[in-house]
Amino acid sequence: MNIDPLQTGLALCVGISLAAACGFRIFVPLLVMALGVRLCDLNIDPALSWVGSDIAITCLSVATVAEILAYYIPFVDNALDTIAGPAALVAGAFITGGMLGDLPEWLQWSTGIVAGAGVAGTVQLGTTAVRAASTGSSAGLGNPIVSTIENILSAIGSVLAVFLPLLAAAGTVLLIFLTFFSLRKIRALIRKRKEAHA
């Protein structure tokens with residue numbers, strides 16, 4: 001099996017960047033990947049070429065619209081975060097592994113699981129923490145703003161992943177850094193509030 005390091009590196013950038021977008025919304029990156037396969041000849045594992053089919057694109061389109069709208073419904077948004085956590089891991093692993101079809105199968109999917117699921121899970125953890133902080137500080141009134149920002153970041157990140165993968169990968173690294181930084185800040189605020197009420 002001949003492996004082109006440059007092509008594999010770019011594919012990894014695409015996969016990880018799309019996986020990061022899964023941390024905001026599950027179906028937006030999957031839909032962008034499907035459209036990329038269908039319209040832009042996005043290189044994907046041949047076994048997964050069905051994602052570019054009419055039925056797959058239709059189903060993903062419906063799921064994307066439903067997911068986006070559901071995050072604007074009070075209390076449903078927080079409930080969705082519980083489901084989105086495991087789903088983001090699966091989607092991140094699927095997308096990243098699917099982009100690495102030139103690698104041996106064991107390396108393709110182990111990379112998808114470690115890198116793709118890891119990145120998606122990290123971003124999802126950050127979005128869940130931000131939504132919980134928004135719910136606690138604004139009684140949920142700020143959540144639609146959070147949802148809108150997440151929708152925009154997921155869409156922009158997904159499109160950049162397909163058309164400008166190096167830029168998207170750099171943005172993903174920055175996003176991971178900001179996620180850890182935000183989690184530390186939120187944890188510190190929670191600790192201060194507990195100490196204040198003690």
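Minimum interatomic distance between Val37 and Ser49 (heavy atoms only, all atoms of both residues): CG1-O, 4.3 Å. Minimum interatomic distance between Gln108 and Leu100 (heavy atoms only, all atoms of both residues): CG-O, 3.4 Å. Arg131 and Val146 make their closest contact through NH1-CG1, 4.2 Å (heavy atoms, listed as atom of the first residue, atom of the second, distance). Nearest approach of Thr127 to Gly23, heavy atoms of both residues: OG1-O, 3.3 Å. Nearest heavy atoms, Pro86 versus Thr82: CD-O, 3.3 Å. Closest heavy-atom contact between Ala19 and Gly116: CB-O, 3.5 Å.
Note that CG of Leu167 and SG of Cys13 are 10.5 Å apart. Values are rounded to the nearest 0.5 Å. To the nearest 0.5 Å, the span separating OG1 on Thr172 from CZ on Phe177 amounts to 15.0 Å. The line from CD1 of Ile95 to OG of Ser17 is 10.5 Å long, rounded to the nearest 0.5 Å. Summarising the geometry, atom CG belonging to Asn151 is positioned 10.5 Å from atom CZ belonging to Phe24; distances are rounded to the nearest 0.5 Å. Separation of atoms CG (Leu175) and CG (Leu153) is listed at 7.5 Å; rounding is to 0.5 Å. Interatomic distance, OG1 of Thr8 versus CG of Leu103, reported as 5.0 Å (0.5 Å rounding).
Using a 4.5 Å cut-off on side-chain heavy atoms (C-beta onward), Ile176 and Val119 make contact. Between Pro29 and Ser154, the closest side-chain pair of non-hydrogen atoms falls below 4.5 Å. Using a 4.5 Å heavy-atom threshold, the side chains of Met99 and Leu12 count as separate. By the 4.5 Å heavy-atom criterion applied to side chains, Asp102 and Asp45 are not counted as neighbours. Here the side chains of Phe180 and Arg184 are not in contact, with every heavy-atom distance at 4.5 Å or above. You'll find the side chain of Phe94 reaches within 4.5 Å of the side chain of Val51, heavy atoms only.
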Item to complete: Check step by step if side-chain contact (heavy atoms from CB on, under 4.5 Å) holds for Phe27 and Ser61.
Response: CA-CA 8 Å; Phe27 293 107; Ser61 298; over 6 Å; no

Practice prompt. Could you go through the side-chain hydrogen bond (donor to acceptor under 3.5 Å, both in side chains) check for Ser53 and Arg38 one step at a time?
Written response: CA-CA 7 Å; Ser53 66; Arg38 179 66 173 271; over 6 Å; no

Worksheet item: Stepwise, does the side-chain contact (heavy atoms from CB on, under 4.5 Å) test hold for Ile57 with Leu31?
Response: CA-CA 7 Å; Ile57 290 174; Leu31 176 60; 4.3 Å; yes

Item to complete: Run the numbers on Ile26 and Glu67 for side-chain contact (heavy atoms from CB on, under 4.5 Å), then give the verdict.
Response: CA-CA 8 Å; Ile26 306 300; Glu67 181 184 28; 3.5 Å; yes

Item to complete: Using the side-chain contact (heavy atoms from CB on, under 4.5 Å) rule, take Thr148 and Tyr72 through it: C-alpha gap first, then chi angles, then the decisive distance, then the call.
Response: CA-CA 9 Å; Thr148 300; Tyr72 287 104; 2.7 Å; yes

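In Leu107, the CG atom is crowded: over 12 heavy atoms of neighbouring residues, nucleotides or ligands sit closer than 6.0 Å. For Leu174, the CG atom counts as densely surrounded, since its 6.0 Å shell holds more than 12 non-hydrogen atoms of other residues, nucleotides or ligands.
In this structure, Leu48 is a member of the same hydrophobic cluster as Val162, with clusters built from ILVMFWY side-chain heavy atoms closer than 4.5 Å. Residues Leu178 and Val123 do not share a hydrophobic cluster, defined by chaining ILVMFWY side chains whose heavy atoms lie under 4.5 Å apart. Follow the hydrophobic side-chain contacts under 4.5 Å out from Leu10 and you never reach Leu164; the two are in separate clusters. Both Ile44 and Phe163 sit in one connected hydrophobic cluster of ILVMFWY residues. Membership requires side-chain heavy atoms under 4.5 Å apart, directly or through other members. Placement of Ile68 and Ile145 in two distinct hydrophobic clusters is found when ILVMFWY residues are connected by side-chain heavy-atom separations under 4.5 Å, directly or transitively.
No donor-acceptor contact under 3.5 angstrom links the side chains of Arg25 and Ser158, judged on distance only. A side-chain N or O of Gln124 and one of Thr128 form a donor-acceptor pair less than 3.5 Å apart.
Residue Thr64 is tested with Val32, Leu30, Val28 for a side-chain contact (heavy atoms from CB on, under 4.5 Å); the sole match is Val28.
Between the side chain of Thr96 and the backbone N or O of Gly112, no donor-acceptor pair lies under 3.5 Å.
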